[in-house]
Amino acid sequence: MNHPEPLLPLVDEILPFPHAEEVCVSEIVARDLLECGPEVPLHEAAARMSERGVSSILVVEDDVVLGIWTERDALAVDFDDPLTFTLAVRAAMSAPVRTVPGTMRLHEMAVRLREEHLRHYLVVDADGRRIGIVSQSDVVLNQGIEHYLKLRTVGSLVKGGLHVLPATAGAREAALLMREAGLDAVVVDHGADAATTVEGRYGIVTERDITRLVAQRTGDRALGALATRPLVVCAEHDSLYRVRARLAERHIRHIGVLAADGGLIDLISFKDILSGMELAYVHELQHALQARDLALKSSQRNLYLAGKVIESSLEGIMVTDAEARILSVNPAFTHMTGYTPEEVIGRSPSLLNSGRQSPAFYARMWEGLVAEGKWQGEVWNRRKSGEVYPQLLHITAIRDRDGRLTHYAALFTDISRLKETEARIRDLAYYDPLTGLPNRRLLEDRLQVEIGHAARLRCRLAVLFVDLDRFKRINDSLGHSVGDKLLVEIAARLRGSLREDDTVARMGGDEFLVILNNLAGPDEAAMTARRLVGALRRPVHIEGRELVVTTSLGVSIYPDDSQDADTLIKHADVAMYRAKDEGRNSFQLFEPAMNARSLEHLALETALHRALPRKELLLHFQPLVDAADGRLVAAEALLRWQHPDLDLVSPADFIPLAEETGLIVPIGEWVLRSACEHHRAWREAGGTPLRMMVNISARQFRDEGFLAMVGSVLAETAMPPACLTLELTESMLMDGTERTIARLEQLRALGVGLAIDDFGTGYSSLAYLKRFPIDELKIDRLFVRGIDRETRDGALVAAIISLGHSLGLRVVAEGVETPGQLAMLQHEGCDLAQGFHFSAPLPWPAFVAGYGPGA
């Protein structure tokens, strides 16, 4: 701090003052050092700290200081993992240990504490030998400015934002809150019924308590049993001097603050007292300037004290003349802005302007300063390096005894970290950390707002529930890292497919929710839903893999389906599950009848569990013929369910249900065994050579016992392996190719044939296809249906046949229903054909009657 030159020679003439000579750190240091070796377990290090009542322990090996472990570090201990307590202190210590010389002045030590955001320093002598540890508490207790502490009240430090946890909360939750919010203590509320007084109701848990838990190797425990109670409190009108003395007398570091009405409003600590002194420093400076015409010794004494206080202030201080030319700055100003006193003295404070505030902002600031004599607010300033940062700025106009303006004193604090913390807390509260999308909490708030908006404008809005089909399979097979990257891409596609004023949020897992506002009718929502399904279906490339994930999407409309936010979300969820029931990769609008459909679904699932033991399942057989001459070559076994009340249940209704419930595994084994037993009956009756085709579900194929089951069935039914062909879908083969290929090779080793069913409907790579040990391709009926009418369908079927033959595979055309379709297939050289043109699926007796011996 630069002082007016004429005053400096008179400093030596002032009367003795308690801190006329600055105190050195070595005079206040705690010399009773606590040390341990690097391999000492954390719980033992914590126990030693607790026994000695100190806040840190040095980690020393061969007389070399390796690090320090403090009560603050105890907040990072995982109380859910008992092994954490036995970790060597080396693994959890902070290193290197910052040192200060014992000759450092106390005001320099205060600045160092604030600049480096540390609370413990190792004090060394001139030879580098350890003297002791100096802490933030030592600085507060020995600051030597009782004059200020007596003038200021606790209320000047009250900052709000009291952090209170219920007594039922756990220590782990308290440690997490203290670590993330930068706290060294939290208040514990035992409830209004727990005591008759406010202090009796509340307790406190500090870093020291957490350290004691580590020492005891105690896992997570309720704060009610851990908290110190009752909470020591003071009134907000009490002086800081009295409060500091009370803290020292009781050997505590925190005290609760009661408002005038007796309610608990804040918790302050030694750190708050240290940090809270700076505002008083400026007031003392103002007093010194206003009293310069008083008795010389008194003014010199006040000026000297003010200079020392400003020099040691942790806040930036700048003094200007009445024309706003900088006269002096303190060390904290230089630290924050990067400008030395020589670079700014005589210049205007406008050199710090960032340009973010308009001229009108500064005009209003000067108007308030002139009218009120002071101004306080947040501004954005620029450091010498060019970095823009936020400040909390206080400006005071200083006048002489005659009321003439003589100076301005500005005190400012860098609040960058505060802003970052506020933004981080806001993001954690309202946004999904993986995708950056709003989370459920923010979504629900926005939906309430949009409902009110739609009600005022008399328009519709839609809620879309988006769920990725079979996402768990990707996580299980490829890992959560790939799954997370896929979710990020899906979130980006959703954002890119919506209007700017629409909302998309992640509800958790693979579920997303979309709000479409200002809709004229449900058709607009349906169009958007259709667009989203298409956008999300496009392949995603992650870590060299091409992934295709389809989507099931449910839509509810306001006010048609409900006027309540929670109900709209619930209805959209119901509609989404209807989309899954309908085959996935689609969307459904909500209808009231869906509730009844859900009950039907549950009843069907219950009945399906009983179908196998009650022998309600049966097989029908559809012939596969040589496309050239119509000769019987094979039969496909098709599962049917003869329900006692519903008659024949469509496979489209119960096969997906069997997949979801896992019943497909025992049902699939029954299908394979039954098909092989029918084939044995065919052989024993002297039937012509016949291959049996059996469909295999994805869940069956992935089952660990599948290969052994196939081998067992072949042996037990005496089924020639060459007469059995297993049909697998294209999408199954693309699920984890290396593992899939290995399983296919194992099946090939058993001697059975392998076919790809519904070929052309998936997204498989030809490079993968040629690696699969496949015998047959079955062209999906969707392509066969239009080959005699649609040129593109005909060209596509021809290309598949050519592809299959080039790979040495037989090609089967499914769904052949007309002579024209058969003629086209014969022309392209298709090997086998199957469909209603030849025969519908038949019960076994009818199949034998039509194609068996003597037919």
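Remember, it's a predicted structure, so these values are computed and weren't measured experimentally.
- Using a distance-only test at 3.5 Å, with no hydrogens or angles considered, no donor-acceptor pair links the side chain of H679 to the main chain of A675.
- Of the residues L744, L672, D757, L750, the one that meets the side chain to side chain contact (heavy atoms under 4.5 Å, CB included) test with L726 is L672.
- The side chain to side chain contact (heavy atoms under 4.5 Å, CB included) search around P651 returns R640, F654, I655, not counting sequence neighbours.
- One finds no salt bridge joining E659 and R699 here, because no Lys/Arg side-chain nitrogen approaches an Asp/Glu carboxylate oxygen to under 4.0 Å.
- Other residues, nucleotides and ligands place no more than 12 heavy atoms under 6.0 Å from the CZ atom of R172.
- Judged by distance alone, with hydrogens and angles left aside, the side-chain atoms of R460 form no donor-acceptor pair with the main-chain N or O of D560 at under 3.5 Å.
- Under 4.0 Å is where a charged nitrogen must lie from a carboxylate oxygen, and between R673 and E677 no such pair does.
- Between D469 and S552, the side chains place a donor N or O and an acceptor N or O closer than 3.5 Å (distance only, hydrogens not considered).
- Using a 4.0 Å cut-off between a side-chain N of Lys or Arg and a carboxylate O of Asp or Glu, K472 and D510 do not qualify as a salt bridge.
- Environment of CZ in R792: sparse, with no more than 12 heavy atoms of neighbouring residues, nucleotides or ligands closer than 6.0 Å.
- Between D566 and K570 there is no salt bridge, since no side-chain nitrogen of the basic residue lies less than 4.0 Å from a carboxylate oxygen of the acidic one.
- Under a 4.0 Å N-O distance rule, the pair R739/E704 qualifies as a salt bridge.
- Relative orientation of the F621 and W844 rings is perpendicular, given thresholds of 30° and 60° on the angle between their planes.
- A ring-ring contact (aromatic ring centres under 6.0 Å, His included) with H571 is found for one member of F465, Y577, F590, Y558 and no other, namely F590.
- Taking 4.0 Å as the cut-off between side-chain N and carboxylate O, R446 and E450 do not count as a salt-bridged pair.
- With hydrogens and angles left out, the side-chain atoms of R691 and T725 include a donor and acceptor closer than 3.5 Å.
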